[in-house]
Amino acid sequence: MVPREGLEPPRLAATDFESAASTIPPPGHISAGRFVSGLDPFRPPFCEPPNPLRLAAMTAPARDLHARSDWTREEIAALFALPFPELVFRAATVHRAYFDPAQVQTSTLLSIKTGGCPEDCGYCSQSAKYETGVKASKLMAVESVLAEARAAKQAGATRFCMGAAWRGPKDKDLDQVCAMVEGVKALGMETCVTAGMLTAEQAARLKQAGLDYYNHNLDTSPEYYRHIVSTRTYQDRLDTLEHVRNAGVAVCCGGIVGMGESAEDRVGLIHALATLPVHPESVPINALVQIEGTPQALATPMDPLDFVRMIAVARITMPKSMVRLSAGREEMSDETQALCFLAGANSIFHGPKLLTTPNPLADRDRQLFAKLGLTSMPLADTSLARPA
Ligand code: SAM
Ligand code: DTB
Ligand code: SF4
């Protein structure tokens with residue numbers, strides 16, 4: 001990764017638009033020396049005057065490079081409305097300013113406490129409110145978790161994410177989670193925990209144990225949220241994010257698409273994330289994994305290209321964040337995943353299982369990376385993304 005030192009882009013004012021436009025070659029110019037107007041029968045003469053969309057796509061990236069927290073919903077909606085090639089071009093341009101686009105960070109997930117959760121998140125296999133067939137189990141022993149972490153490291157993961165199906169951790173449980181964090185850290189991996197709501201004190205304890213990232217998602221827009229979860233509020237989630245941020249732990253926060261939300265709700269989710277006082281260091285974009293027995297089991301599957309748009313808009317609005325192509329890869333074609341990487345996704349979950357559902361097998365990911373020429377992001381690069 002990550003924010004490349006010394007590559008802070010120049011600040012451009014709106015008036016610089018005109019000067020940027022002047023970098024577009026004049027009519028008749030020989031583009032990159034490869035095509036000479038009139039000699040290539042498939043290429044029209046260099047367009048004159050410049051097409052406004054082309055102009056916007058060529059000039060906007062310079063403005064896109066700054067991490068801004070003042071995005072408006074209108075600006076975000078306008079990004080979603082761009083023609084697909086323009087949107088992906090802009091996202092890919094922003095991606096290159098801060099990251100090596102051929103590198104993808106890999107994390108492995110482990111459910112350290114599965115099922116029996118008192119919350120009613122309408123997508124979740126682990127809520128005790130729904131008959132999903134997931135068996136509730138107790139918090140795993142520290143040694144068993146460390147054995148899984150060692151295996152994940154062996155398989156190439158640089159970060160180990162531990163998930164617990166809780167509304168929030170009890171203090172006794174938190175002692176055990178802190179021991180897990182210490183143990184995983186000692187293996188030389190980055191640590192991530194997702195265990196529900198945290199108080200400021202709990203966040204500080206996790207930080208002390210060596211926690212690098214805490215995952216806590218906003219899930220959807222503030223308006224649509226009440227259709228998905230009733231047992232905790234959007235504000236509860238924002239409060240936990242603030243506690244994590246104040247404790248000096250990196251924030252991993254994103255959402256889910258494909259839950260019957262409107263286009264406006266997707267704008268609302270990105271807006272909520274991109275206007276946080278500091279952007280989350282990691283932004284997981286999950287495609288809903290439909291779980292039988294949950295209210296979301298019958299949601300209409302989303303168009304994969306709309307998923308790619310979501311990734312691209314996350315990349316443009318949060319240029320320095322890692323954007324995670326998160327749940328849903330098992331059902332995704334290689335082509336859709338390739339478009340996601342092109343649109344700025346630069347992290348994935350690696351390993352055969354997410355928390356309770358399947359993820360692509362190592363072989364499929366190996367082949368995909370080989371086909372696309374992608375490599376695993378070294379730990380030294382991913383750690384630059386974290387607060388000091
Ligand atoms: N219980 C903790 C919590 O809710 O914060 C941590 C675990 S929870 C499973 C972590 C996140 O995974 C959720 O916030 C949600 O965004 C995502 N997730 C859960 N089930 C999913 C599903 N079926 N499809 C896609 N994403 C899902
Ligand atoms: C996140 O945003 N996605 C991951 C992780 N954070 C914890 C979880 C995905 C869960 C998918 C459904 C399951 O396996 O139960
Ligand atoms: Fe519980 Fe987390 Fe699932 Fe919600 S998403 S039901 S809090 S495990």
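Counting convention: from 1, in listed order, for ligands and their atoms alike.
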Check: Quick check: does any side chain N or O of Asn286 sit under 3.5 Å from a backbone N or O of Leu288, one acting as donor and the other as acceptor?
Finding: no
Check: Considering only protein heavy atoms, which is closest to atom 1 (Fe) of ligand 3, and at what distance to one decimal place?
Finding: Cys117 SG, 2.3 Å
Note to self: Once you restrict to heavy atoms under 4.0 Å, what part of Ala164 touches ligand 1? Side chain, backbone, both or neither.
What the structure shows: backbone
Note to self: As an exercise, state the distance from CD of Glu335 to CG of Leu368, rounded to the nearest 0.5 Å.
What the structure shows: 9.5 Å
Next item on the list: Can you sort out which atoms of ligand 2 are near Pro284, meaning under 4.0 Å from one of its heavy atoms?
Entry: 2 (O)
Item checked: Any side-chain donor near an acceptor of the partner, Thr240 and Glu242, under 3.5 Å -> no
Check: At what distance is the nearest protein heavy atom to atom 6 (N) of ligand 2, and which residue and atom is it?
Finding: Asn215 OD1, 3.1 Å
Notebook entry, point to check: Does Arg315 use its side chain to pair, donor to acceptor, with the backbone of Gly344 at less than 3.5 Å?
Noted result: yes
Next item on the list: Check step by step if side-chain hydrogen bond (donor to acceptor under 3.5 Å, both in side chains) holds for Asp120 and Ser127.
Entry: CA-CA 6 Å; Asp120 69 352; Ser127 166; over 6 Å; no
Next item on the list: Assess Ser125 for proximity to ligand 2: is some non-hydrogen atom of it under 4.0 Å away?
Entry: yes
Notebook entry, point to check: Centre of Phe80's six-membered ring, under 6.0 Å away, within 45 degrees of the axis: is that where NZ or CZ of Arg266 sits?
Noted result: no
Check: Do any N or O atoms from the side chain of Lys207 and from the backbone of Ala247 form a donor-acceptor pair under 3.5 angstrom?
Finding: no
Note to self: Give me the nearest non-hydrogen protein atom to atom 4 (C) of ligand 2 as residue plus atom name, then the distance to 0.1 Å.
What the structure shows: Phe349 CE1, 3.7 Å
Next item on the list: Mark yes or no for whether Thr275, through its side chain, and His271, through its backbone, hold a donor-acceptor pair below 3.5 Å.
Entry: yes
Next item on the list: Among all protein heavy atoms, pick out the one at the shortest distance from atom 27 (C) of ligand 1; state its residue, atom name and that distance to 0.1 Å.
Entry: Ile256 CD1, 3.7 Å
Margin query: Main chain of Ala274, side chain of His279: is a donor-acceptor contact present, judged purely on distance under 3.5 Å?
Written below: yes
Checklist line | Closest protein heavy atom (residue, atom, distance) for atom 21 (C) of ligand 1 | finding: Tyr123 CD1, 3.7 Å
Checklist line | ligand 1 versus Arg167: contacting region, heavy-atom distance under 4.0 Å | finding: neither
Next item on the list: Pick one of side chain, backbone, both or neither for how Thr194 approaches ligand 1, counting any non-hydrogen atom pair under 4.0 Å.
Entry: both
Checklist line | Among Arg159, Lys153, Lys185, salt bridge (charged side-chain N to carboxylate O under 4.0 Å, His left out) partner for Glu190 | finding: Arg159
Next item on the list: State the atoms of ligand 3, each with its element, that fall below the 4.0 Å cut-off from a heavy-atom position in Tyr123.
Entry: 5 (S)
Notebook entry, point to check: Heavy-atom contact under 4.0 Å between Lys129 and ligand 3?
Noted result: no
Note to self: Please classify the Ile291 to ligand 1 contact at 4.0 Å (heavy-atom distances, strictly less than): side chain, backbone, both or neither.
What the structure shows: side chain
Notebook entry, point to check: Quick one: does ligand 1 sit under 4.0 Å from the side chain of Asn286, the backbone, both or neither, non-hydrogen atoms only?
Noted result: side chain
Margin query: Is it the case that the side chain of Tyr224 and the backbone of Gly260 share a donor-acceptor pair, with hydrogens and angles ignored and the cut-off at 3.5 Å?
Written below: yes
Note to self: Judged on heavy-atom distance to atom 3 (N) of ligand 2, which of Leu355, Asn359, Ile291, Asn286 sits nearest?
What the structure shows: Asn286
Note to self: Under 4.0 Å from a heavy atom of Thr356: which atoms of ligand 2 are those, numbered in the order shown and with their elements?
What the structure shows: 13 (C), 14 (O), 15 (O)
Notebook entry, point to check: ligand 1 and Asp219, any nitrogen or oxygen pair closer than 3.5 angstrom?
Noted result: yes
Check: Only one of Ile228, Val289, Thr220 clears side chain to side chain contact (heavy atoms under 4.5 Å, CB included) with Tyr123; which?
Finding: Ile228
Next item on the list: Any atoms of ligand 2 less than 4.0 Å from a non-hydrogen atom of Ser326? List them with their elements.
Entry: 1 (C), 2 (O), 3 (N)
Item checked: Nearest neighbour in protein (non-hydrogen) for atom 8 (S) of ligand 1 -> Leu355 CD1, 4.4 Å
Next item on the list: Please report which non-hydrogen protein atom sits nearest to atom 24 (N) of ligand 1, along with the residue it belongs to and the distance in Å to one decimal place.
Entry: Val289 N, 2.9 Å
Next item on the list: State whether Phe349 and Arg324 meet the cation-pi test: NZ (Lys) or CZ (Arg) under 6.0 Å from the six-membered ring centroid, and within 45° of the perpendicular axis.
Entry: yes
Notebook entry, point to check: Which residue and non-hydrogen atom of the protein lie closest to atom 3 (Fe) of ligand 3, and at what distance in Å?
Noted result: Cys124 SG, 2.3 Å
Next item on the list: Decide yes or no on side-chain contact (heavy atoms from CB on, under 4.5 Å) for Leu206 and Cys178, but give the supporting numbers first.
Entry: CA-CA 6 Å; Leu206 284 165; Cys178 285; 4.1 Å; yes
Next item on the list: Please write down residue, atom name and distance for the protein heavy atom closest to atom 4 (Fe) of ligand 3.
Entry: Cys121 SG, 2.3 Å
Notebook entry, point to check: For atom 3 (C) of ligand 1, which of Cys121, Gly196, Cys253 has the closest heavy atom?
Noted result: Gly196
Margin query: Taking 4.0 Å as the limit for heavy-atom contacts, which would you say applies to His216 with ligand 1: side chain only, backbone only, both, or neither?
Written below: side chain
Margin query: Among His216, Arg232, Arg167, which one puts a heavy atom closest to atom 7 (S) of ligand 3?
Written below: Arg232
Notebook entry, point to check: What atoms of ligand 2 come within less than 4.0 Å of a heavy atom belonging to Asn217?
Noted result: 1 (C), 2 (O)
Note to self: So, 4.0 Å and heavy atoms of Met259: is ligand 1 close enough to count as a contact?
What the structure shows: no
Item checked: Sub-4.0 Å heavy-atom approach of Ala287 to ligand 1 -> yes
Next item on the list: For the pair Asn215 (side chain) and Cys252 (backbone), establish whether a donor and an acceptor sit closer than 3.5 Å, ignoring hydrogens and angles.
Entry: yes
Next item on the list: Go through ligand 3 atom by atom and flag the ones less than 4.0 Å from a non-hydrogen atom of Ala165.
Entry: 8 (S)
Checklist line | Distance from atom 12 (C) of ligand 2 to nearest protein heavy atom, with residue and atom | finding: Thr357 OG1, 3.6 Å
Note to self: Under 4.0 Å between a side-chain nitrogen and a carboxylate oxygen: does that hold for Lys353 and Glu330?
What the structure shows: no
Notebook entry, point to check: Side-chain donor-acceptor pair under 3.5 Å between Thr356 and Ser125, yes or no?
Noted result: yes
Notebook entry, point to check: Hey, is ligand 2 close enough to Thr194 that some N/O pair sits below 3.5 Å?
Noted result: no
Notebook entry, point to check: Got an N/O contact under 3.5 Å between Asn217 and ligand 1?
Noted result: yes
Checklist line | Sidechain-backbone polar pair: Asn359 side chain, Leu354 backbone, donor-acceptor under 3.5 Å | finding: no
Item checked: Shortest reach to atom 4 (O) of ligand 1 by a heavy atom, considering only Lys113, Arg232, Met197 -> Arg232
Item checked: NZ or CZ of Arg73 within 45° of Trp71 ring axis and under 6.0 Å -> no
